[in-house]
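Data first, discussion second: the structure below is written as structure tokens.
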Amino acid sequence: MSFPLLTATAVLPAIGAIATAAVPAAQRTAAKWLALIVSLATLALAITVLVRFDPDGGRYQLTESHAWIKDFGVRYELGVDGIAVALIALTALLIPFIVLAGWHDADPLETGSKRWRPTQGFFALILGVEAMVIISFEATDVFLFYIFFEAMLIPMYFLIGGFGDRAHEHGEEAASTQRSYAAVKFLLYNLVGGLIMLAAVIGLYVVAGNFSLQEIAQARANGSLHMATSTERWLFLGFFFAFAVKAPLWPLHTWLPNAMQEATAPVAVLITAVVDKVGTFAMLRFCLQLFPEASKWATPAILVLALISIIYGALLAVGQRDIKRLVAYASISHFGFIILGIFAMTSQGQSGATLYMVNHGISTAALMLVAGFLISRRGSRLIADYGGVQKVAPVLAGTFLVGGLATLSLPGLAPFVSEFLVLVGTFTRYPAIGIIATFGIVLAALYTLVLYQRTMTGPVKQEVSAMPDLRARELVVVAPLIVLLIFLGVYPKPVTDIVNPAVKSTLSDVHKKDPKPEVEAVAK
């Protein structure tokens, strides 16, 4: 039996989470180093998956399949395509930076505080989320996917509610209340989505007789499994609703700004750069593959919702007073672009959407983590409390600017390529929607540059006059992300070569081809 590489990639952080939680309370530093070492070892396994994956090989590779609950046809089935490999690599890459950035976020509070923050628990929960996200990307059994899709809500709830941001203008008691509200709202929204999906999962089993993604898709393709039109549409809506909550898509997005505002910066990155990607990934893997006709039927409505997310998220980002809420609304706009690319049903759109998932994860991590370093120094999330930071902390200001420019998709930085592909793919099939979506780019430039102007330029405010620049640990966190943004902005081919074959297979599932150009090429 070959080495179960996919299982090892998911199990290692799970074991690391248990080991980190078991470290004695007095050994906080040891728990931090253990979490960092485990995250780096997981990254090494993810790189191995990336190296062993053959883009020109079969659709699902490194597969594992074992009987699990035989009476209900549930199997432990894993496999990865190019899209899953790219997102596993992104997840494993970001977790070490999240651990390093949050090195002191769970340290004990001042003497006499009513709040006790177990450091070991903070890092154990992060590793637990990593394990569940990775296995969600690997699962090809629908029931197995559902279990971890829902289970990751538990550690995220405690990360938001128990380890929130210390910067709060109304004191510790008010901060605790806001954190609890944000955590409960996050949990309720996602639980409702998950319960609706559970009904759809059961319905799928009744229709198909098993939970295997590959078997159901194959049976649908060869005609041996037929779903009534109404049945397929209801099942599609059940799956899509849960994924749209996780994504998050307007109008199911309202939990995200609260969660990101109250969470620490590293946990905010974990939410939007890692966990939320499971929603958009699942749209590609499950919605389009299991319910191709219903996906085409729902496309016009979904494109409108994605377009609203793009414009609405960007408009609200422009008017924000809180730095972290601004990044949250910007992410809602970016997820609108990702979903637009998925349901444009073109190879450019879906390749751009997948590349956008990767690039958004890197750019949001860079911007939010630097913002977190900034907030920890000043003790405030309010934009109005800053000014002239670039004069006292030029490296911090410079990295903040690069992260912001990546967020607005400046040419030469990674998100530009993905956003360009999404818009091209949308224009070729839905030109009106593509034209309106471009306004999201203009608004992104507005909220990003206004944020930088108000916080980093102008006279130096007295409260930031003694602000220190980035320290060595913080540079180790930020510098690789900046390098990746530049590298993938100039040379995205390593990622597109991996994801393009999977995108072609997805388009084949929904029986779609790229539209022919209206103007034929002129012969030489």
Quiz prompt | Passing option when W255 is tested against M260, K185, K246 for side-chain contact (heavy atoms from CB on, under 4.5 Å) | solution = K185
Self-check item: Y447-Q320 side chain donor-acceptor pair, cut-off 3.5 Å
Solution: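 Short answer, no.
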Exercise. Determine the minimum heavy-atom distance between F343 and Y430, stating which atoms define it.
Key: O-CE1, 4.3 Å
Does a side-chain heavy-atom distance below 4.5 Å link [X] with [Y]?
X	Y	result
L94	L90	yes
M197	F145	yes
M152	S136	yes

Self-check item: E474 and R377 ion-paired at < 4.0 Å
Solution: yes
Quiz item: Could you state the interatomic distance from OG1 (T354) to CZ (F281), rounded to the nearest 0.5 Å?
Solution: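 Between T354 OG1 and F281 CZ, I get 9.5 Å after rounding to 0.5 Å.
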Quiz item: Rounded to the nearest 0.5 Å, how far apart are CG of D497 and OG of S351?
Solution: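 Spacing of CG (D497) from OG (S351) equals 10.5 Å.
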Self-check item: Partners passing salt bridge (Lys or Arg N to Asp or Glu O under 4.0 Å) against D54 (at least two apart in sequence or in another chain)
Solution: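 For D54, no residue satisfies salt bridge (Lys or Arg N to Asp or Glu O under 4.0 Å) once neighbours in sequence are set aside.
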Exercise. Would you please name every residue forming a salt bridge (Lys or Arg N to Asp or Glu O under 4.0 Å) with E150, sequence neighbours left out?
Key: none
Quiz item: Taking the six-membered ring for Trp, are Y491 and F487 parallel (under 30°), tilted (30 to 60°) or perpendicular (over 60°)?
Solution: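 Taking F487 first and then Y491, their aromatic rings stand perpendicular (interplane angle over 60°).
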Quiz item: In terms of the angle between their ring planes, are F337 and Y356 parallel, tilted or perpendicular, with boundaries placed at 30° and 60°?
Solution: parallel
